[in-house]
Amino acid sequence: MRLPFGERRVPRGTRPAELLREAPADLARRALVAVVDGEVVDLARPLERDAEVRFLTFDDEAGRAVFRHSTTHLLAQAVKRLYPEARLATGPALADRFYYDIQFPEPIGEADLARIEAEMAKVAAEDLPIVREEWSREAARAFFAERGEPFKVEIVDEIPEGQPISVYRQGEFVDLCRGPHVPSTGRLRHFKLLNVAGAYWRGVEGNPVLQRVYGTSFERREDLDRYLWVREEARRRDHRRLGPELDLFSFHDEAPGFAFWRPKGWVLFRELERLSREVQERHGYEEVRTPYIYRAELWKVSGHWEHYRDNMFLSEREGEVFGFKPMNCPGHCLLFAEKVRSYRDLPLRIAEYGPLARCERSGTLHGLLRVRGFHQDDAHLFLREDQIADEIADVVAIVDEIYGVFAMPYRIVLSTRPEDFMGEPELWERAEAQLAEALDRIGRPYRLNPGDGAFYGPKLDFYVTDALGREWQTATVQLDFQMPIQFGLRYVASDGRERTPVMIHRAILGSIERFTGILVEHFAGDFPLWLAPVQARVLTISDEVAAYAREAAAALRAAGLRVEVDDRGEKIGLKIRDAETAKVPYMLVVGRREAEAGELAVRARKGENLGAMTVAAFAERALDEVRSRRLPGALAGREAGEAG
RNA sequence: GCUGCCGUAGCUCAGUCGGUAGAGCAUCUCCAUGGUAAGGAGAAGGUCGCCGGUUCGAUUCCGGCCGGCAGCUCCA
């Protein structure tokens, strides 16, 4: 046997667990499962031949999956003890959690989770060995039928001929399962049941509705605590709570899926647009504004009619159907086609920030993160095929610039041809290869996500990581050979012949609505100064300095800062508290002393006292912070750019 | 869209076993002019999501619809 800690000769039938006796203590203690010639198996699975044997711990993604999958069995066993009538369906591990779909005799609520959890703790304390057995189909069928587990019987029936049917036994509990599993229930100490939701058996509408019990588990207590803290913190930062609280935006029943931007939120929105314009102008983009509503004819040409109609807002007028645009590309194609284009004009980069509308299914709407009306920092690039790699490199450079500003690392995913696609498969393959090649050329790693491309082309999706370590899909770059053909777009090549340009659809922030929602949660409302809707608030100590306060505020506004005055007849403590709650970065306290000296007593957020300074000195300091788009303390040192 | 849950004042929530509702915060008025996270007093504020049914009477029970939440599915 070849082991990470050397080679060993052992008799046939030796178990990986036995090999661990000679392993370093840390590995021996932490190993969860073995990998024998690439196959993940139980530590108790006898070795039949010479092989390379490795061990997985909780540090390995696959190890964590096994660990959490084993926790689902712990959950199932506890449930069967408490509710013998419960019928088990399936219980897989997710990226950071697990769930088990269960049909309870009576629906349970989240209040019941603590009881189940307590029972799980008992099973874990019993430290029951988890043992694999292989059964005949008949035996498995009979067993689960007799135990009143119709879902398990159904699964048994669907296991292909020739594939072994394995069950795992821990104490009195036996579950149908492919495995592998950790060696005993005692390994699973740090777990937490999170929530209950409904789910159809096999995820098919019309099937019986089961209750999906979510939970998570970790090897170490502190990692579980950290996970739960992040969850709780995410709840506190929820943009749906903070947004209205900070006076940024709101929603009304009258327009489901469409945000109302209040003045303060709109400041944020415009600052993001400003950042985008600033960067893109430097990269040779030209901004346009095209119509919102087009005849159905256009959507038939672009392919949206066939592939995207269900998501479009359509209406009929004078016997004709019109559609509100869900994307800008067809409009930009019309613009491109207006003139005879030379190869010298390419790449032509057309940007637009106008409104888009997509009729998302009602159940998918979610605050600003998923809306029906939104704006993108959208652009369409028309180029020659030989310009693809350079142009993609340039787009990635823009991504770096923009996400660097927010200290958000990202990773890239390449999505390929979906089932519902347009055009010739060969063109798709060419486009997919070109995207991969462009990334290779600038040395950017990426992952593959087959079948997830847009209907007109493969794409690169950028997943950014926020301050809580959560990932969000934001930027997207889509390579499209189809639409230029559909629209009959041409340019005159250097040899005088007409050729079809290639198109790149790209957005960096993505939906600005969505991105604002992400930022609210990323910063927990504590925006960097350049984004803060109110950058400073002048607070008066008594009525007699109100005039001076207004004067100082006017001077700061004239300098280009967003400033409010709080001259209410309240105590300074209350005004500080209110400004702190509103997350105003600078509080400028003004009393008789400051009024006489022409100064401001500057208090930064979180109570830091910066002392008294003149109005001009504060303006200079603040403007410098705005211009540099500096980040607030906690994020300032964070690694930006690529996450690999 | 589907399943489950929810919808009472601007916000957070209590309450009515069927007899048209209450607290805190916010708002307004008055007193207090107070130096770094809540000064005091008073007032005003609700077609109890919408429509229908049952009932002498519905915010409460029933049904439908709308919206929200957790998921499923889908995705910027």
Side-chain angles (χ1 to χ4, degrees), chain A residues 99 101 107-110 194-214 235 238 240-241 244-245 247 250-257 308 310-311 326-327 356 358-378 415 418 452 454 459 461-463 472-476 478 505-518 539-546 567-582 587-594 601-610 612:
Chain A
Y99 67 79
D101 282 346
I108 60 160
E110 315 232 321
L194 300 168
N195 55 313
V196 189
Y200 298 100
W201 165 234
R202 295 175 184 280
V204 177
E205 281 176 25
N207 277 356
V209 174
L210 312 172
Q211 287 198 286
R212 179 166 293 182
V213 180
Y214 284 91
R235 205 181 56 76
D238 193 323
R240 291 169 298 179
R241 170 198 295 255
E245 218 170 274
D247 212 10
S250 55
F251 286 91
H252 292 267
D253 290 359
E254 287 80 353
Y308 209 77
D310 288 349
N311 279 317
M327 301 178 194
L356 302 170
R358 297 180 186 175
C359 191
E360 304 292 352
R361 297 158 69 164
S362 54
T364 64
L365 301 177
H366 185 90
L368 285 179
L369 299 182
R370 190 149 189 85
V371 290
R372 286 179 170 159
F374 61 105
H375 305 70
Q376 285 183 321
D377 59 336
D378 196 18
S415 296
D452 202 37
K459 60 177 183 175
D461 283 325
F462 292 71
Y463 289 82
W472 306 94
Q473 204 270 293
T474 52
T476 182
Q478 305 167 354
H505 312 239
R506 42 112 288 174
I508 310 300
L509 301 171
S511 150
I512 302 179
E513 274 76 1
R514 178 180 155 82
F515 194 74
T516 307
I518 293 170
L539 313 179
T540 57
I541 285 177
S542 66
D543 288 347
E544 59 183 13
V545 295
D567 59 0
R568 291 175 300 166
E570 296 290 349
K571 293 190 168 184
I572 194 66
L574 193 263
K575 296 182 185 183
I576 298 263
R577 183 188 148 80
D578 285 350
E580 230 18 281
T581 306
M587 281 151 264
L588 311 173
V589 178
V590 160
R592 194 178 302 170
R593 282 202 301 272
E594 289 76 18
V602 181
R603 183 194 206 268
R605 194 159 29 193
K606 315 274 189 228
E608 192 190 354
N609 185 2
L610 302 179

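Quick note on labels: first sequence line is chain A, next is B, and so on, each numbered from 1. Because the structure is predicted, anything quoted here is derived from the model rather than measured.
One finds no side-chain N or O of Gln376(A) lying less than 4.0 angstrom from the OP1 or OP2 phosphate oxygen of rA76(B). Within the structure, every side-chain polar atom (N or O) of Tyr99(A) is placed at least 4.0 Å from both OP1 and OP2 of rC72(B). Contact annotation: Lys459(A) reaches the phosphate of rA76(B) (side-chain N/O to OP1 or OP2, under 4.0 Å). Of the side-chain N and O atoms in Arg212(A), none sit less than 4.0 angstrom from OP1 or OP2 of rG4(B). The side chain of His505(A) contributes no N or O atom lying less than 4.0 Å from OP1 or OP2 of rA76(B).
Nucleotides rC11(B) and rU27(B), compared at atom C1', are 12 Å apart to the nearest Å. Comparing rC62(B) with rC5(B), their P atoms are spaced 12 Å from each other, to the whole Å. If you take atom C1' in rC61(B) and the same atom in rG45(B), they sit 30 Å apart, rounded to whole Å. Look at the C1' atom in both rG10(B) and rG57(B): the space between them is 32 Å, to the nearest Å. rU3(B) sits 36 Å from rC25(B) when the C1' atoms are compared, rounded to a whole Å. Going from the P atom of rA58(B) to that of rA43(B) covers 32 Å, rounded to whole Å. Remark: the separation of the P atoms in rU59(B) and rG67(B) is 23 Å, to the nearest Å. Straight-line distance between the C1' atoms of rC13(B) and rU55(B): roughly 30 Å, to the nearest whole Å.
When atom types are taken as modelled, the side chain of Glu360(A) and the backbone of Val371(A) share no donor-acceptor pair closer than 3.5 angstrom. With Lys575(A) contributing its side chain and Arg568(A) its backbone, the two residues share a donor-acceptor pair below 3.5 Å. Arg506(A) places a side-chain N or O within 3.5 Å of a backbone atom of Asp377(A) that can act as its donor or acceptor partner. Without hydrogens or angle criteria, Glu580(A) side chain to Ala582(A) main chain gives no donor-acceptor distance under 3.5 Å. Judged by distance alone, with hydrogens and angles left aside, the side-chain atoms of Arg358(A) form a donor-acceptor pair with the main-chain N or O of Pro326(A) at under 3.5 Å.
Contact annotation: side chain of Arg577(A) to base of rA38(B), donor-acceptor pair present below 3.5 Å.
Looking at every heavy atom in both residues, Asp461(A) comes nearest to Ser415(A) through OD2-OG, 3.9 Å.
Among the protein residues, Gly573(A) comes within range of the sugar-phosphate backbone only, with heavy atoms under 4.0 Å from sugar or phosphate atoms but none that close to a base. His252(A) comes within 4.0 angstrom of nothing in the nucleic acid, heavy atoms only. Within 4.0 Å (heavy atoms only), Ile572(A) reaches sugar-phosphate atoms of the nucleic acid but no base atom. If you check every strand for non-hydrogen atoms under 4.0 Å, Arg240(A) touches sugar and phosphate atoms only. Within the nucleic acid shown, Asn195(A) comes within 4.0 Å of sugar-phosphate atoms alone, with no base atom in reach, counting heavy atoms only. If you check every strand for non-hydrogen atoms under 4.0 Å, Glu570(A) touches a base. Counting non-hydrogen atoms under 4.0 angstrom, Glu594(A) reaches a base of the nucleic acid. Note on Ala601(A): a base of the nucleic acid sits closer than 4.0 angstrom, heavy atoms only. Among the heavy atoms of the strands lying under 4.0 Å from Phe374(A) is at least one base atom, whether or not backbone atoms are also near.
Nearest nucleotide to the Ile576(A) side chain, out of rC74(B), rU36(B), rU33(B): rU36(B). Side-chain atoms of Arg593(A) lie closest to rG35(B) of the nucleotides rG68(B), rG71(B), rG35(B). Each of rC72(B), rA70(B), rG35(B) was ranked by its minimum atom distance to the side chain of Thr364(A); first place goes to rC72(B).
Rounded to an integer number of Å, the gap from Arg361(A) CZ to rC72(B) P is 13 Å. Remark: C1' of rA76(B) and CZ of Arg506(A) are 13 Å apart, rounded to the nearest angstrom. Taking atom CZ on Arg603(A) and atom P on rG35(B), their separation rounds to 15 Å, with Å as the unit. Regarding Glu360(A), its CD atom lies at a distance of 9 Å from the P atom of rA76(B), rounded to whole Å. Separating the CG atom of Leu574(A) from the P atom of rA26(B) is a distance of 8 Å, rounded to the nearest angstrom. Remark: P of rU36(B) and CD1 of Ile541(A) are 8 Å apart, rounded to the nearest angstrom. Atom-to-atom, CE of Met587(A) to P of rG35(B) comes out at 18 Å; the value is rounded to the nearest Å. In this structure, Arg370(A) places its CZ atom 14 Å from P of rA70(B), rounding to the nearest Å.
Counting heavy atoms from C-beta on, the side chains of Tyr99(A) and Leu194(A) never come closer than 4.5 Å. You'll find the side chain of Glu594(A) stays beyond 4.5 Å of the side chain of Val589(A), heavy atoms only.
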Given Arg603(A) and Ile576(A), is the side-chain contact (heavy atoms from CB on, under 4.5 Å) satisfied, shown in steps?
CA-CA 9 Å; Arg603(A) 183 194 206 268; Ile576(A) 298 263; 3.5 Å; yes
Check the pair Ile518(A) / Leu369(A) against side-chain contact (heavy atoms from CB on, under 4.5 Å), numbers first and verdict last.
CA-CA 7 Å; Ile518(A) 293 170; Leu369(A) 299 182; 3.9 Å; yes
Stepwise side-chain contact (heavy atoms from CB on, under 4.5 Å) check, Met327(A) with Gln376(A)
CA-CA 9 Å; Met327(A) 301 178 194; Gln376(A) 285 183 321; over 6 Å; no
Carefully, step by step, assess Arg514(A) and Arg370(A) under the rule side-chain contact (heavy atoms from CB on, under 4.5 Å).
CA-CA 7 Å; Arg514(A) 178 180 155 82; Arg370(A) 190 149 189 85; over 6 Å; no
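Judged by closest nucleotide on RNA chain B, Gly257(A) is the one of Gly257(A) and Gly510(A) placed further toward the 5' end. Each of Tyr214(A) and Lys606(A) was assigned the nucleotide of RNA chain B with the nearest heavy atom; the assignment lying further toward the 5' end belongs to Lys606(A).
The number of heavy atoms from other shown groups lying within 6.0 Å of CZ (Arg592(A)) does not exceed 12.
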In dot-bracket form, how is RNA chain B paired, counting a Watson-Crick or G-U wobble pair only if both its distances are under 3.5 Å and using | for bases paired to another strand?
(((((((..((((.....[..)))).(((((.......))))).....(((((..]....))))))))))))....
When you compare the protein's N or O atoms with those of nucleotides 7-14 of chain B, which come within less than 3.5 Å of each other, and at what distance?
none

